[in-house]
Protein chains: 2
Amino acid sequence: MRMVKTFEALASEPRLKILAYLSKATMTAGEIAERFDMAKPSLSKHLSILENAGLITGVKKGKFIHYSIIQDHIVNSLDGYLQEVCPTRKPLREESAAKAKGEAEG
Amino acid sequence: MRMVKTFEALASEPRLKILAYLSKATMTAGEIAERFDMAKPSLSKHLSILENAGLITGVKKGKFIHYSIIQDHIVNSLDGYLQEVCPTRKPLREESAAKAKGEAEG
DNA sequence: AATTCGTTTAGTCAATAGCCTAATTATCTA
DNA sequence: TAGATAATTAGGCTATTGACTAAACGAATT
């Protein structure tokens, strides 16, 4: 159930985009909204879905709500899932790391 | 787009269950179907969604179609996504590994 | 030729997702 | 206190999703 909720939150173009923004910096709801051609309430809904899944958190400071990513949750969730579903994960993970390294260098 | 498709495929209880079965062994469509209280066409749809997302593959052998998980795809997709969205991922990953190790020992 | 495995197509239905506008709440400012 | 601003909540509308049944189909076995 928890994993489904996490994946549901991630299964959306605008929500992945929000997470990409928040991976670089904390932003207010308004700042995020500026970057989308979408009504504010719709965006607010996306934010609440992400927050509800534990992927981001919003902290109210005066008039504004500052949203930021919760990296621990994303990493541990996806990482944990991989461990469950991929028993032979370790070598693949090393391979993946090697590939990433090669791309960065090449 | 590709990530959205992957997450959409994963955002479903029955589909996560199918992947869990396939993480242990290759199974035919019928063997999978036996484990669900669901009409065959519905299950067939789930299988095609997973296959279309590149998470599983079906190989026809005679009358049967043998499905198996494509671990490389799952690992590389989720791993790749984590690298994009979590710049400070590395230390967290180590922490996660340490936690997993502790649990296995405890 | 008949049966089995599995998919596909078509039609129906209920529930959910995603968007909108309008209204509301909370806070700041003059 | 009135007015402006930030963001959410509420309500409505449409499209999609996910399930079902029933029927048909292709491919392989018997």
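Numbers restart at 1 for each chain; the letters A, B, ... are given by sequence-line order, proteins then strands.
- If you check dA7(D), dT21(C), dC5(C) against the side chain of Ala39(A), the one that comes closest is dT21(C).
- Going from atom CG of Leu50(A) over to atom C1' of dA17(C) covers 14 Å, rounded to whole Å.
- The side chain of Pro41(A) approaches dA22(C) more closely than any other nucleotide in the set dA7(D), dC5(C), dA22(C).
- Put simply, Ser44(A) has a side-chain N or O that comes within less than 4.0 Å of OP1 or OP2 on dT8(D).
- Contacts of Phe36(B) with the nucleic acid, taken as non-hydrogen atoms under 4.0 Å apart, are absent.
- Checking Lys45(B) against Ser12(A), the closest nucleotide of DNA chain C that is more toward the 5' end is the one next to Lys45(B).
- Listed nucleotides dT29(D), dC28(C), dC20(D) differ in distance to Ser42(B); the shortest reach to its side chain belongs to dC20(D).
- The side chain of Thr28(B) places no N or O atom within less than 4.0 Å of a non-bridging phosphate oxygen (OP1 or OP2) of dC5(C).
- For Arg15(A), counting side-chain heavy atoms from C-beta on, the closest listed nucleotide (dG18(C), dA19(D), dT8(C)) is dG18(C).
- Ser48(A) comes within 4.0 angstrom of nothing in the nucleic acid, heavy atoms only.
- Among the nucleotides dG6(C), dA7(D), dC20(C), the one closest to the side chain of Phe64(A) is dA7(D).
- Using a 4.0 Å heavy-atom distance criterion, Lys60(A) is classed as a sugar-phosphate-only contact.
- Between Tyr67(B) and the phosphate of dC5(C), there is no side-chain N or O to OP1/OP2 separation shorter than 4.0 Å.
- Nearest-nucleotide mapping onto DNA chain C: of Lys40(B) and Lys61(A), the residue sitting toward the 5' end is Lys40(B).
- When distances are taken from the side chain of Leu47(A) to each of dG18(D), dT8(D), dG6(C), the shortest belongs to dT8(D).
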